[in-house]
Amino acid sequence: MMTHTSCHQESALLSWRQGICFFITSRMYELRTSEIIGLRTTNIDLEKMKFGVVEQMLFKVLPGAKIITEMAPTKSNDRILPITEETLPYFLRQFDLLERQKDLITAGGGEYYDNILFIAKPDGSPYRRDRRSANFGQLIRHLEMPHIRFHDLRHTAATNMHQLTGEFYTVGEMLGHTLKGIDMSLGISTNLEAVTAQYVDVRIERKKTVLET
């Protein structure tokens, strides 16, 4: 039987590992903070090696909220993204971590709130977007690094992916941007308003190629 101290230690370890998964998956795919904490396990298909970004966490979640009954729509475009051989281990570890967190809570006599969230607090309740951003800021200060927002990494990666692959439309679809949005992220001054309606439906194979480059 686990003691209170051992339960606390394992819970802290699982939270640390989940923080790594949060950072890796959100940065590999350049998901917005609200998209990663709003990703449901039901939208992840390990058999077909893909997942859908079709909703996001509500902008304002009340402090102490345990149950989420609804989600907000994505900020721009829904998209289907591939799970690559490089990212698959992180998905598998996170699913295993979710089960361990649930077992740990119930073993300690606590209540687990199954919101079917891929990234959740140890008791299954949702994270708040502002708290995740604040935690990142604290990490940056602790490491004595120059100030940068978590969202800034998304724009940096967009530029890097475009420079490495030249896949303008693929990168844009992965980010869930309209063409005008891609223009702003990549710092391209070309006027794309005229072709916004011609947004290209990129095949999932091309997205996988960009991720693996």
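The figures that follow rest on heavy atoms only: side chains count, while hydrogens, waters and symmetry mates do not.
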**Q** Quick one: pull up CG in Leu81 and CZ in Phe51 and give me the separation to the nearest 0.5 Å.
**A**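 Rounded to the nearest 0.5 Å, the CG-CZ separation comes out at 4.5 Å.
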
**Q** Can you get from Met49 to Leu31 by hopping between Ile, Leu, Val, Met, Phe, Trp and Tyr side chains that sit under 4.5 Å apart?
**A**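 They do share one cluster, since a chain of ILVMFWY contacts under 4.5 Å joins Met49 to Leu31.
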
**Q** Calculate, to the nearest 0.5 Å, the distance between atoms CG and CD1 belonging to Leu39 and Ile119 respectively.
**A**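 These two atoms lie 8.0 Å from each other.
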
**Q** Any sub-3.5 Å donor-acceptor pair from Asp114's side-chain atoms to Ile116's backbone N or O?
**A**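 Yes.
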
**Q** What donor-acceptor contacts under 3.5 angstrom involve side-chain atoms of residues 60-69, with partners at least two apart or in another chain?
**A**
| unit_1 | atom_1 | unit_2 | atom_2 | d |
| --- | --- | --- | --- | --- |
| Lys66 | NZ | Asp123 | OD2 | 3.0 |

**Q** Would Phe91 and Phe118 count as a ring pair (Phe, Tyr, Trp, His ring centres under 6.0 Å) if you check the C-alpha gap in whole Å, the side-chain angles of each, and the deciding distance to 0.1 Å?
**A** CA-CA 9 Å; Phe91 279 88; Phe118 185 59; 5.4 Å; yes

**Q** From Met57 CE over to Ile36 CD1, what is the distance, rounded to the nearest 0.5 angstrom?
**A**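 Between Met57 CE and Ile36 CD1, I get 11.0 Å after rounding to 0.5 Å.
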
**Q** When you compare the side chain of Arg40 with that of Glu55, does any pair of heavy atoms fall below 4.5 Å?
**A**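 SC-SC contact between Glu55 and Arg40 confirmed.
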
**Q** Scan side-chain atoms only and decide if Thr33 and Tyr127 contain a donor-acceptor pair under the 3.5 Å cut-off.
**A**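 Looking only at side-chain atoms, Tyr127 and Thr33 do not form any donor-acceptor pair under 3.5 Å.
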
**Q** Can Leu98 be reached from Tyr113 by stepping across I, L, V, M, F, W or Y side chains whose heavy atoms are under 4.5 Å apart?
**A**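 Per the 4.5 Å side-chain linkage, Tyr113 and Leu98 are not co-clustered.
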
**Q** Using the rule that Ile, Leu, Val, Met, Phe, Trp and Tyr join whenever any side-chain heavy atoms are under 4.5 Å apart, tell me whether Met71 and Val54 fall into a single cluster.
**A**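 Unlinked, Met71 and Val54 end up in two clusters.
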
**Q** Atom CD1 in Ile80, atom CG in Asp45: separation rounded to 0.5 Å?
**A**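 Reported to 0.5 Å precision, the distance equals 9.5 Å.
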
**Q** If Ile, Leu, Val, Met, Phe, Trp and Tyr residues are connected whenever their side-chain heavy atoms lie under 4.5 Å apart, and connections chain through other members, are Leu46 and Val53 in the same group?
**A**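 Per the 4.5 Å side-chain linkage, Leu46 and Val53 are co-clustered.
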
**Q** Heavy atoms only: give me the nearest Asn115-Ser125 pair and the separation to one decimal.
**A**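 It is ND2-CA, 3.8 Å.
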
**Q** Is there a donor-acceptor pair under 3.5 Å between the side chain of Thr106 and the backbone N or O of Lys102?
**A**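 Checking the backbone N and O of Lys102 against the side chain of Thr106, a donor-acceptor pair under 3.5 Å is found.
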
**Q** Could you measure the distance from the NZ atom of Lys75 to the CZ atom of Phe59? Nearest 0.5 Å is fine.
**A**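 One finds 9.5 Å between NZ of Lys75 and CZ of Phe59.
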
**Q** I'd like to know if Leu88 and Tyr90 are part of one continuous hydrophobic network [Ile/Leu/Val/Met/Phe/Trp/Tyr, side-chain heavy atoms within less than 4.5 Å].
**A**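 Linked within one cluster.
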
**Q** Does the side chain of Pro122 reach to within under 4.5 Å of the side chain of Leu104, using non-hydrogen atoms?
**A**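 No - every pair of side-chain heavy atoms lies 4.5 Å or more apart.
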
**Q** Does atom CZ of Phe95 have more than 12 heavy-atom neighbours from other groups under 6.0 Å away?
**A**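 Count over threshold, so yes.
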
**Q** Determine, for Arg79 against Glu35, whether the closest basic-nitrogen to carboxylate-oxygen distance falls under 4.0 angstrom.
**A**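 Counted as a salt bridge, because a side-chain N and a carboxylate O are separated by less than 4.0 Å.
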
**Q** Is it the case that atom CZ in Arg128 sees more than 12 heavy atoms from other parts of the structure closer than 6.0 Å?
**A**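 Yes - once you tally the heavy atoms of other residues, nucleotides and ligands closer than 6.0 Å, there are more than 12.
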
**Q** Hey, could you give me the CD/CD1 distance between Gln56 and Ile37, rounded to the nearest 0.5 Å?
**A**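 One finds 9.0 Å between CD of Gln56 and CD1 of Ile37.
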
